[in-house]
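Here is the structure we will look at.
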Amino acid sequence: MQNEWHIGVIGGSGLYSDIGLEDAQEIAIASPFGEPSGPVTLGRIGAIRFSFIARHGAGHRLSPSTVNYRANIDALKRCGVTDLLAMSAVGSLQEGYAPGSFVAVDQLIDRTMGRASTFFDTGLVAHVSLADPVCPRLAELASSAAENAGGKVHRGGCYIAIEGPQFSTRAESRMYRQWGADVIGMTGMPEARLAREAELPYAMLAMVTDYDSWRESEAGVEVSDVLAVMQANAAIARRTLRCLAESLPANRVAVAADRALDGALITAPGAQDAAMWCKLDAVAGRIAARR
Ligand SMILES: CSC[C@H]1O[C@H](OP(=O)(O)O)[C@H](O)[C@@H]1O
Ligand SMILES: Nc1ncnc2[nH]cnc12
């Protein structure tokens, strides 16, 4: 039904399965954009439907550069997801955002390179607004849920997405602080861009796992630091989803991101490529129906 919630969850480093879904079923979803990271787990928490995908695949097989972000989002859209919550491990670029705390990201900077970062292409060109890449409603719901689950949450923070897979040099880390970034990761872009194009309200609940490399007196970040903090706090991440399910209003009222493609398509009808419309049946199905 139109006003029902269906929460998509993208699990990041340390969150690969077992997110506490009832009646869980793993389904392989075919996408015209290639292979998603793995099967989607569909289930529910109480009355709320959830669909989950592990961003890096089972066993953390995929690097941030080889995750097929388009296929993951297309697959979740095909499952009927209405809102998309991304969970990510991040380094902190601010003293006050300590490891173990969560940040409800509200802005992103993209320093990734060479990733497929749009669903639209020759024959169907669209320019969506990305000024406010995060859905404030979902971010607030996720923040409150994480607090109710026992987490310390910072509401708002700018996430810088680097290409990786190497962590940053100290000089880069200091520069990103000067740019106004608060947390750093390798996956928030192009994920947030693509969610907007797919008209999926997107929020990212980032778990701070380390202080990156800007603190002179400390050794740089290592993967073992990230995983240790993730493992210590994974239970909070899982409880957050239950608290979120319990706190959602009975009726889902529409938000701006649901209609992100309104007015975004610039290709003239006579210049449009029919094959592109077919490929975008899930992502742009709503506007295709009105064509
Ligand atoms: C395991 S450390 C670096 C790795 O962790 C983050 O992953 P995710 O955003 O999927 O939680 C970061 O972006 C890197 O991919
Ligand atoms: N310091 C860091 N840099 C990039 N990605 C990360 N993920 C977790 N910590 C990170």
Side-chain angles (χ1 to χ4, degrees), residues 8-17 19 36-38 52-69 71-73 76 84-95 97-105 108-113 115 133-134 142 146 157-177 179 181-195 202-215 218-234 236-238 240:
V9 178
I10 299 182
S13 296
L15 195 62
Y16 307 108
S17 62
I19 62 159
S37 298
F52 170 81
I53 193 162
R55 184 185 285 124
H56 300 278
H60 206 122
R61 196 171 46 86
L62 299 165
S63 84
S65 308
T66 53
V67 167
N68 189 337
Y69 298 91
N72 286 353
I73 287 179
L76 290 169
L84 188 52
L85 179 61
M87 310 278 236
S88 275
V90 292
S92 170
L93 299 173
Q94 302 298 338
E95 195 73 51
Y97 290 15
S101 64
F102 291 82
V103 181
V105 166
L108 294 100
I109 297 173
D110 195 354
R111 286 265 301 169
T112 66
M113 281 167 281
R115 301 182 184 182
V134 166
C158 179
Y159 174 113
I160 184 160
I162 58 168
E163 183 55 39
Q166 302 85 0
F167 293 113
S168 306
T169 65
R170 290 187 191 279
E172 286 166 336
S173 195
R174 286 194 298 265
M175 179 177 77
Y176 300 148
R177 274 163 57 76
W179 286 2
D182 300 304
V183 292
I184 181 165
M186 305 178 191
T187 61
M189 290 292 206
E191 204 168 78
R193 295 179 185 282
L194 295 165
Y202 178 89
M204 179 193 277
L205 200 53
M207 182 189 286
V208 179
T209 53
D210 53 86
Y211 272 114
D212 203 43
S213 306
W214 55 273
R215 300 215 303 185
E218 282 185 13
V221 52
E222 310 261 359
V223 166
S224 52
D225 305 333
V226 174
L227 292 181
V229 177
M230 276 305 299
Q231 273 149 21
N233 291 282
I236 299 182
R238 292 189 171 91
T240 295

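Order of appearance sets the numbers: ligands from 1, and atoms from 1 within every ligand.
The shortest side-chain heavy-atom distance between Val90 and Val105 does not fall under the 4.5 Å cut-off.
Contacts between Pro64 and ligand 1, counted as non-hydrogen atom pairs separated by less than 4.0 Å, involve the side chain only. Only the side chain of Val221 comes within 4.0 Å of ligand 2, counting heavy atoms alone; its backbone N, CA, C and O stay farther away. Contacts between Asp210 and ligand 2 below 4.0 angstrom, taking non-hydrogen atoms only, involve the side chain exclusively. When heavy-atom distances to ligand 2 are checked against a 4.0 Å cut-off, Ile184 comes that close through both its backbone and its side chain.
For atom 5 (N) of ligand 2, the closest heavy atom belonging to the protein is Gly185 CA, 3.4 Å. Nearest protein neighbour of atom 7 (N) of ligand 2, counting heavy atoms only, is Ala89 O, 3.3 Å. Nearest protein heavy-atom contact of atom 10 (C) of ligand 2 is Gly91 N, 3.4 Å.
For the pair Gly164 and ligand 1, no heavy-atom separation below 4.0 Å is found.
When only interatomic distances are considered, the shortest N/O to N/O separation between Met186 and ligand 1 falls below 3.5 Å.
Contact detail for Leu205 and Ala142: the closest heavy-atom pair is CD2-O, 4.1 Å.
Heavy-atom proximity to atom 8 (C) of ligand 2, evaluated over Thr209, Asp225, Leu227, is greatest for Thr209.
Numbered from 1 in the order shown, with element, the atoms of ligand 2 that lie under 4.0 Å from a heavy atom of Asp212 read 1 (N), 2 (C), 3 (N).
Note: Tyr16 and His60 meet the aromatic proximity criterion, with ring centroids under 6.0 Å apart.
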